[in-house]
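Atom set for the values below is all heavy atoms of this structure, side chains included, hydrogens, waters and symmetry mates excluded. Protein chains get the first letters and strands the later ones, always in sequence-line order, with residue 1 at the start of each. The structure displayed is predicted, hence computed values, not measured ones.
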2 protein chains.
Amino acid sequence: YKFEGNNTSGSHKLNSAIAQAYYAKKQGLKGVTTETGAGQWGTALSMACSYFDLDCQVYMVKCSYEQKPFRREVMRTYGAKVTPSPSMETNVGRRINAEFPGTTGSLGCAISEAVEAATSQQGYRYVLGSVLSQVLLHQTIIGLETMTAMDKYGIVPDVIIGCAGGGSNLGGLISPFMGRKLRGEQDYRFIAVEPASCPSLTRGKYVYDFCDTGHVCPLAKMYTLGSEFIPSANHAGGLRYHGMSSILSQLYDDKLIEARSVEQTAVFKAAQDFARVEGILPAPESSHAIKVAIDEAMKCKETGEEKTILFGLTGTGYFDMYAYKAYNDGTMGDYIPSDEDLKRGFDAIPRFPGNME
Amino acid sequence: YKFEGNNTSGSHKLNSAIAQAYYAKKQGLKGVTTETGAGQWGTALSMACSYFDLDCQVYMVKCSYEQKPFRREVMRTYGAKVTPSPSMETNVGRRINAEFPGTTGSLGCAISEAVEAATSQQGYRYVLGSVLSQVLLHQTIIGLETMTAMDKYGIVPDVIIGCAGGGSNLGGLISPFMGRKLRGEQDYRFIAVEPASCPSLTRGKYVYDFCDTGHVCPLAKMYTLGSEFIPSANHAGGLRYHGMSSILSQLYDDKLIEARSVEQTAVFKAAQDFARVEGILPAPESSHAIKVAIDEAMKCKETGEEKTILFGLTGTGYFDMYAYKAYNDGTMGDYIPSDEDLKRGFDAIPRFPGNME
């Protein structure tokens with residue numbers, strides 16, 4: 001596996017945060033704004049901004065702000081200003097608070113607030129940590145390092161596995177290998193693993209859709225469950241996005257990558273098995289990849305085939321111990337949305353010629 | 001700095017846990033028992049036992065069991081049985097619960113329970129993670145690795161700094177360098193850093209004392225504040241031991257190492273400065289060393305001297321975010337025990353000829 005967990009942001013996200021902060025500094029900006037849900041991206045951007053002495057303003061979904069005080073404190077330690085969203089500091093925040101008193105917020109709302117904060121302050125820009133092509137580009141460092149290491153030891157992976165939420169870590173891991181595959185130099189199987197509770201690739205539509213719930217961003221062609229699809233509160237916060245990066249969506253549609261969805265309790269069983277053998281306590285997100293890596297290894301054991309299975313281990317689960325507690329206590333459940341649940345999300349996809357007619 | 005934080009136990013403690021679990025397995029034991037306060041040692045031992053398929057029973061001080069549910073869940077994830085102490089599972093636990101109803105426990109009590117659990121079950125032994133000489137021996141890997149790295153780059157440290165609670169990480173870091181110093185091959189300054197709230201070296205007595213509050217362990221000659229000294233609830237759980245390893249105590253008494261005590265808020269200021277520059281979010285314990293390393297560097301800046309300052313960075317603060325929150329909120333205080341406070345502890349040191357007469 002390629003381990004990306006040895007930094008405080010607890011994930012590969014620093015790869016993109018540092019690049020984005022660097023260019024913001026070079027551009028002469030005073031600071032950046034962003035949104036964060038679980039807090040990984042906000043943490044990474046806070047760290048990157050502290051390196052470059054940039055101001056960092058993070059709008060954190062209010063329910064996460066309250067439920068994940070540790071992530072919030074990490075960001076504050078790096079000097080970021082963390083505001084629970086919806087706040088009373090922006091027009092859109094005040095409007096949402098008036099319309100839905102007591103709301104605990106959403107990523108879509110936090111994005112809208114962060115965009116407003118950037119556009120209303122001189123010298124600020126809004127930045128995003130997943131889905132978009134520049135983020136996948138920054139993340140190719142994961143795949144490049146992996147390829148260098150494997151080449152050094154003369155190992156060729158047969159299967160390459162990664163978890164997929166917005167798609168940035170998976171895209172980064174597989175890109176260099178995909179290059180080799182597309183150039184006909186080598187063949188590999190690629191598997192994207194997503195939660196059964198948020199099955200963008202395996203059950204989504206490949207259409208133009210809004211990237212955010214607030215509909216302030218441009219449309220993107222992607223596999224999507226609809227921007228109003230609300231995934232169940234599973235424990236893999238980083239994989240609860242309604243869509244999938246356009247690049248990965250195209251590769252999936254071209255059948256160059258496979259996708260598989262897995263259920264939460266099976267994922268935590270895999271996480272526990274992995275922790276007990278390898279020592280590393282994996283993030284719930286990363287454990288989706290572990291689960292399918294174990295499944296593939298078990299298939300080999302049955303058939304007697306020998307295969308090299310590579311997977312991306314995006315981060316540690318140190319800030320996810322409530323989830324581990326639920327698993328250890330046996331109170332964790334699985335949720336698979338019904339076709340009816342998905343229909344509600346699909347209904348919100350914009351209708352125009354050639355798109356969800 | 002020598003970073004020891006890239007493992008899930010969040011500290012160097014795995015160095016000794018693996019060695020102790022290995023020998024337990026070799027000895028044919030079924031399992032081991034131990035106590036834990038903040039949970040670092042319990043985590044390390046749980047991990048080590050999962051590698052060797054040994055049963056691991058951890059008695060965790062009840063107030064920590066309740067206040068640090070995340071450390072508890074980490075241990076459970078590695079397969080350990082974690083019992084809040086005092087429990088109703090041992091004679092000593094039942095006795096203490098009857099005598100002090102509603103007590104939140106102490107390390108001394110947890111040790112007594114763990115020892116009883118070991119002696120009352122076939123194939124079990126009690127193991128300890130700090131203070132004792134074998135633990136310092138296991139920890140010399142820290143110093144050996146550091147020395148190898150510094151020799152490789154041709155760097156000679158002038159000052160070597162480490163935090164000191166029971167003394168295992170500091171002893172491990174400095175031992176190989178102390179060897180060179182004692183053999184006259186090289187000279188270094190060594191500084192042990194302890195909390196002002198638990199100043200075993202800087203304000204303790206060098207006498208024979210009980211290692212545990214429950215008085216089930218043999219006496220040891222060491223710098224001690226008395227086994228009944230109760231340190232204030234500072235945020236560096238790993239540095240709240242009333243005594244200091246016998247080896248380090250001897251070196252300090254021989255003036256081969258220096259000691260310095262530092263206050264909590266200054267420690268967190270250093271931790272924050274370090275995090276913002278280096279990215280690593282340090283443990284409160286480790287940050288004691290960071291504080292003095294910064295002080296020494298600032299002195300050099302004043303005098304214009306160039307010095308190589310080496311310090312041990314024992315672990316990350318991912319499970320200490322309540323402490324960071326207190327610092328970020330400005331609600332953290334400093335506590336320095338009065339001479340009167342210390343006298344109460346000294347009064348409990350056993351009196352016999354040549355010892356606290």
**Prompt:** Any chance CG of B:Asp53 has more than 12 other-residue heavy atoms, nucleotides or ligands included, within less than 6.0 Å?
**Reply:** no
**Asked** Which answer fits A:Thr77, side chain, backbone, both or neither, if we ask what part of it has an atom under 4.5 Å from a heavy atom of chain B?
**Response** both
**Complete:** Looking only at B:Glu278, B:Gln272, B:Met321, most heavy-atom pairs under 4.5 Å shared with chain A are made by B:Met321
**Asked** Among B:Arg76, B:Met47, B:Arg72, B:Arg71, which residue forms the greatest number of heavy-atom pairs with chain A at distances under 4.5 Å?
**Response** B:Arg76
**Asked** Roughly how far, to the nearest 0.5 Å, is the OG atom of B:Ser50 from the CG atom of A:Asp273?
**Response** 11.0 Å
**Atom pair SG (A:Cys49) and CZ (B:Arg276), whose distance is rounded to the nearest 0.5 Å** = 11.5 Å
**Request:** Tell me, for A:Tyr322 versus chain B, whether the close heavy atoms (under 4.5 Å) come from the side chain, the backbone, both or neither.
**Result:** both
**Asked** Contact part of A:Asn7 toward chain B, heavy-atom cut-off under 4.5 Å: side chain, backbone, both or neither?
**Response** backbone
**Asked** Between B:Tyr318 and A:Val74, is any pair of side-chain heavy atoms under 4.5 Å apart?
**Response** no
**Request:** Using non-hydrogen atoms and a 4.5 Å limit, figure out which bit of A:Asp320 sits close to chain B: side chain, backbone, both or neither.
**Result:** neither
**Message:** At a 4.5 Å cut-off on heavy atoms, which part of A:Phe70 comes close to chain B: side chain, backbone, both, or neither?
**Reply:** both
